Student: 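Pasting a structure below so you can have a look.
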Number of protein chains: 2
Amino acid sequence: MNATMQKQQARLQAPKAAAHPRVQSVRAPARRSVVPRAAAVEAPAKVSQETVDKCVNAIRFLAIDAVNKAKSGHPGLPMGAAPMSYVLFNEAMKYNPKNPAWANRDRFVLSAGHGSMLQYALMHLVGYDSVTMDDIKSFRQWDSRTPGHPENFLTKGVEVTTGPLGQGICNAVGLAAAEAHLAARFNKPDAKVIDHYTYCILGDGCMMEGISNEACSLAGHWGLGKLIALYDDNNISIDGHTEISFTEDVAARFEALGWHVQHVKDGNTDFDGLRKAVASAKAVTDKPSLIKVSTLIGYGSPNKADTHDVHGAPLGPDETAATRDNLKWPYGEFEVPQEVYDVMRSSCTKGAAAEEEWNAAFAAYKSKYPKEAEELEGLLSNKLPAGWENALPSYTPEDKGLATRQYSQIMLNALAPVLPGLIGGSADLAPSNLTLMKMFGDFQKGSYEERNMRFGVREHAMGAIVNGVALHNTGLIPYCATFYIFTDYMRSAMRMSALSEVGVIYVMTHDSIGLGEDGPTHQPIEHLASFRAMPNMNMFRPCGGNETAGAYKVAVSSRKRPSTIALSRQGMPNLPGCSVDGVAKGAYVIHGGEGTPDAIIIGTGSELPMAVEAAKKLEAEGKKVRVVSMPCWELFAEQSAEYKESVLPKAVTVRVAVEAGSSFGWERYIGQNGKFIGIDDFGASAPADILYAKFGITVDAVVAAAKAQM
Amino acid sequence: MNATMQKQQARLQAPKAAAHPRVQSVRAPARRSVVPRAAAVEAPAKVSQETVDKCVNAIRFLAIDAVNKAKSGHPGLPMGAAPMSYVLFNEAMKYNPKNPAWANRDRFVLSAGHGSMLQYALMHLVGYDSVTMDDIKSFRQWDSRTPGHPENFLTKGVEVTTGPLGQGICNAVGLAAAEAHLAARFNKPDAKVIDHYTYCILGDGCMMEGISNEACSLAGHWGLGKLIALYDDNNISIDGHTEISFTEDVAARFEALGWHVQHVKDGNTDFDGLRKAVASAKAVTDKPSLIKVSTLIGYGSPNKADTHDVHGAPLGPDETAATRDNLKWPYGEFEVPQEVYDVMRSSCTKGAAAEEEWNAAFAAYKSKYPKEAEELEGLLSNKLPAGWENALPSYTPEDKGLATRQYSQIMLNALAPVLPGLIGGSADLAPSNLTLMKMFGDFQKGSYEERNMRFGVREHAMGAIVNGVALHNTGLIPYCATFYIFTDYMRSAMRMSALSEVGVIYVMTHDSIGLGEDGPTHQPIEHLASFRAMPNMNMFRPCGGNETAGAYKVAVSSRKRPSTIALSRQGMPNLPGCSVDGVAKGAYVIHGGEGTPDAIIIGTGSELPMAVEAAKKLEAEGKKVRVVSMPCWELFAEQSAEYKESVLPKAVTVRVAVEAGSSFGWERYIGQNGKFIGIDDFGASAPADILYAKFGITVDAVVAAAKAQM
């Protein structure tokens, strides 16, 4: 330990200046000896502290070297968090690097995703095939498996995609909720077939984001005892020391949220402290655990540790050399001593043994509880039960028209009995979103086996939590709900669904000015356009019962693509021609299909009946008019050119689209000379029918728009 | 008090069941007598408790009657929060209903905006001209001044628009920050010209939203002692009792956030408790104050109080009659006894006197501190200083090209000295967003006069806080910054800027795959489209120094429309033709202006140079090509038809657009047969030049796209 490190260590031990009240009470114990401790909790006695230090330094230098080579990346967090992550990956966690898909593995989430090299270094050292040394060397390069932030869809063994801060800890809450749910449903007093922990490392940035407070409040409420979060408290963020903007008492906040909170005051060298904290966290079964771990960012770098310079930039050759010297690391660039591999890759043998043990236990469970085992195996297969779609009801024009949110409720309640994985709920709007599955109770502490989740008014966390539930990858099909306007609160989580290839079903009701009196703060205008522009997101706006069924059919089938279903507050008729199959094609003809029409009217959702009425008015005047329902642009874009031409023949340029939303994007289907009937300004507070009339979204307006082109 | 009310009162007093640990410790004092208390803090002695009760019931029944008449709305909160709001509006707050624009008024924010009838009832009773009895009777109707949620742009005296939960408390933090800033800049030891409180009523929903935790953490850090938030803790949300999803200890959380926390255990009848709590909150000057006020939602309704039925639906005639009976309210629908007006409208005389006193104090200040007074008056006029735009630098093609985030930094630092209202900062990305004004220090406890705000990693709160700063309406021009991708975290706040007509400047850097290695979690794709679709939002994507100056010129001038400026991480040249004036028109010709071209290439931001290069390649082959820069679609849409035709002649159908983002919406300008060069899928992690090549955003691709149409 050189002078700088001693100074850094002293900083950790000394009470902070009064300007930083948050850590005033933090005092590290006198520095411990580096002699191996016989009484180390959970540490295999055979691994000496010297070897542990080597492993930890191997993690650090893989990160340093990879970031240097990439000339880009974040070495600071891996250097500081290497000790805690070593304890997790080499001692605490149960997993098999050779089978990242083992259902009962412990889950690990690096919520501070910019520290991705920490995760890649660990995965490489413990023996994941997905992260070879070549992958490490191609960190942040085109076509590599080691992108700038961890990506679940690219690198096997990465559970969730992180980077946008706070998302990961919410995913971890979802993973822990999924575990709790499956355990409560399937475990027996004599057989715990689902029984694992969820670990998460998060940093100051995650802690500042509101989404993490939402999810952690809910995790505390739910009492998710097998969620263990390690807070890498290094006091550094990009703007500098966190004292310039973040001086709250995080530990006290988490206690207020109902968490079990511990503090490891020297996360750089106190391995026993880390081990004991993890053991204590495991022992507390009725509360999630937060372990605040005080560390030095960039630990080991003589000149950059404890500064924001080491957060997001390469150390560079000089400082790297100084750090090698300082940490007494004689090995070359990307060189890992065999001793380190020997210790770290014991995870493979330990993991394989654990998996084998579980397989045996599962076999015993299966023979004793064949019915439960069959259902669980069905879930774990991630396949949908045969014939599930037959549960979806169908409608005729004679059926009384309801609001599509009501049809959505019918679909959810029809699907729940045939889809054992369906689970979800609303952000405190269940009576408005109509999302309760009536045959189930609430997922709560003491009733985790139930399937109605009550998220509270926490939209953003809700989205990220259901991403975690889905990425538990055990057959659960989560849905979540709020008013469509409040997708603005959860957009990042929804985008993460799309990017991470997670088939979440977003049930979004009150989808237009049709909600009426609540006014412009609650009326979506640009939201359809904004989701149609988002990659890998199905944006549905169904009309009537059959199209709502069709939207659910695609949404449930789409396990790698999220679906957002925009649903009406107000009622609408079941139009002739509307069908489940039509929805699957994205757009289809519901009226006036034969021959070449004089005009095409395109409509969606609650405005589709207007399109039909307008067509009839025009037909009464001798025009030939086709009506196209377009509930999902993305699916239509994927159809063949022939199909597209059959629905929207290029020769027919007289086109009108009607939709109670922004015109933005509609030129794609109506052309530059077509007319759009909708609303490009904010709405207003008034009864819905008044709003439609005042904003000119009427049958007459559609008729006039068509005539203007004829 | 009838039997039901006694039961309800008993529930408040009794310890909760163990399932609800949060309120176990809450014990209300024995119910007080309704005899007037001589020692009431701040209560004018002449108002008897009987009269106070009448005023409070008048508030309740205006809310009940208006919601009944509208057949829509939220009576529950106004009924429960009427006592605390009476204490605020009739006793604690300093304001003049006859001049809602008085600069030194106390600010009030109803963060629980669904309880809008509380605010309207109060405003009507105390004498705001903007809320007449006719307005109350047209609650939630077309063209009324009493929309479903409070709207600052519609109803004079409403400070901010609320409804989306949590926004209001963040606005309140911004209002309090603005007060602290102006006070620190302009007050003198002998003259406090800016000296007011900011009050906020928020509910359980606001408390659950992450945005409120972000803002309240920052308010605690900043030590905003004149922010007083009253938490209407009624234990009811839409899904039912909050115990189904919200059992954290809110008071302890706020203590952890650095707030001064009090609890009024009986917010229904303990007026002295409310008065004392407000007085104590005022006395604590170095911390914001939270007063947790335990209330019954729908207080007074014999059958619906304390249930979610009263949250968001009319009481209906029977229950209204029962409530009238229960609260002994003999008056008819919309009837207010004169005695209530007499007491409540004393606010007008008190307020006028307070304003007059302030005017006199300001006159004295002006004669003693003429320079400061002149600057302050300039701010309060909400007018920009003459000639401010001359501070913007201009560039020639010979000037070395920088990244537009660097030009943005230059603009901010050029404007700061000439715009005394410019204030803002970044969500912990100042060194990346380049948003520091170098001549100023940090806005912090002890240095509120400084103008660099450090928001921490709290994007959503940042947006809502700067909305509050702007809506302080005292000449402050706030900007805020993060990576463009993280607009996904703050979209609701940005939409509230647009809806509320607030000219916030959103400085959004790293605007495309051009950011490179950080990968798809950090690369905006659909974001330009999603903001172009949003009403009343200028979405800029400038190229080079002159266009960045042009974007700032419009953004600063647009005090009623927010601007989002998408800025590059990477450098680009200063192209000939790029101009400040061109930006103001939204789109303009920068190359090949004369005559009718064979093709038009449209580009924005960092891809505009590609458009020019492609044009030159085509010209070398004998084609006549026009290049149009289109930095702001919204401004172009507002130009005359002639101007539009002069830039994009209809006759020229060979069109290519190039932009490193989604194609969505571009058919508006390139037509159905034009070609778009951009990216419709998520990006990837790799160096920027590799990404451009791999995703096919190249000069050659632009050339080929044009040729394919020729």
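Reckoned from all heavy atoms, side chains included, excluding hydrogens, waters and symmetry mates. Chain A is the first sequence line, chain B the second, and so forth, proteins listed ahead of strands; every chain is numbered from 1. Quick caveat: nothing in here was measured; it's all calculated off a predicted structure.
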Student: May I have the step-by-step check of side chain to side chain contact (heavy atoms under 4.5 Å, CB included) for B/E214 and A/E209, ending in yes or no?
Tutor: CA-CA 6 Å; B/E214 291 178 4; A/E209 292 285 7; 3.6 Å; yes

Student: Report the C-alpha separation of B/F664 and A/W633 in whole Å, then their side-chain angles, then the decisive distance to 0.1 Å, and conclude whether the side chain to side chain contact (heavy atoms under 4.5 Å, CB included) test is met.
Tutor: CA-CA 11 Å; B/F664 196 84; A/W633 287 34; 3.6 Å; yes

Student: Just give me the residue among B/L499, B/L436, B/L257, B/L154 that pairs up with chain A most often, heavy atom to heavy atom, under 4.5 Å.
Tutor: B/L499

Student: Which pair of non-hydrogen atoms, one from A/S217 and one from B/E248, has the smallest distance, and what is that distance?
Tutor: OG-OE1, 2.6 Å

Student: Do A/E667 and B/W666 touch side chain to side chain, with heavy atoms closer than 4.5 Å?
Tutor: no

Student: Do A/Y489 and B/H460 touch side chain to side chain, with heavy atoms closer than 4.5 Å?
Tutor: yes

Student: For B/S72, is it the side chain, the backbone, both, or neither that has a heavy atom closer than 4.5 Å to a heavy atom of chain A?
Tutor: side chain

Student: Give a yes-or-no answer on whether the side chains of A/R668 and B/S663 include a donor-acceptor pair shorter than 3.5 Å.
Tutor: yes

Student: Are A/E151 and B/P520 close enough that some pair of their side-chain heavy atoms sits under 4.5 Å apart?
Tutor: yes

Student: Report yes if some heavy atom in the side chain of B/R253 is under 4.5 Å from a heavy atom in the side chain of A/N213; otherwise report no.
Tutor: yes

Student: Count the heavy-atom pairs under 4.5 Å between each of B/I485, B/I525, B/D428 and chain A, then report the option with the highest count.
Tutor: B/D428

Student: What part of B/M496 lies closer than 4.5 angstrom to a heavy atom of chain A: side chain, backbone, both or neither?
Tutor: side chain

Student: So which part of B/A430 gets closer than 4.5 Å to some heavy atom of chain A, the side chain, the backbone, both or neither?
Tutor: both

Student: Cut-off 3.5 Å, side chains only: do A/R495 and B/T521 have a donor facing an acceptor?
Tutor: no

Student: Stepwise, does the salt bridge (Lys or Arg N to Asp or Glu O under 4.0 Å) test hold for A/D143 with B/K694?
Tutor: CA-CA 10 Å; A/D143 218 15; B/K694 293 288 184 183; over 6 Å; no

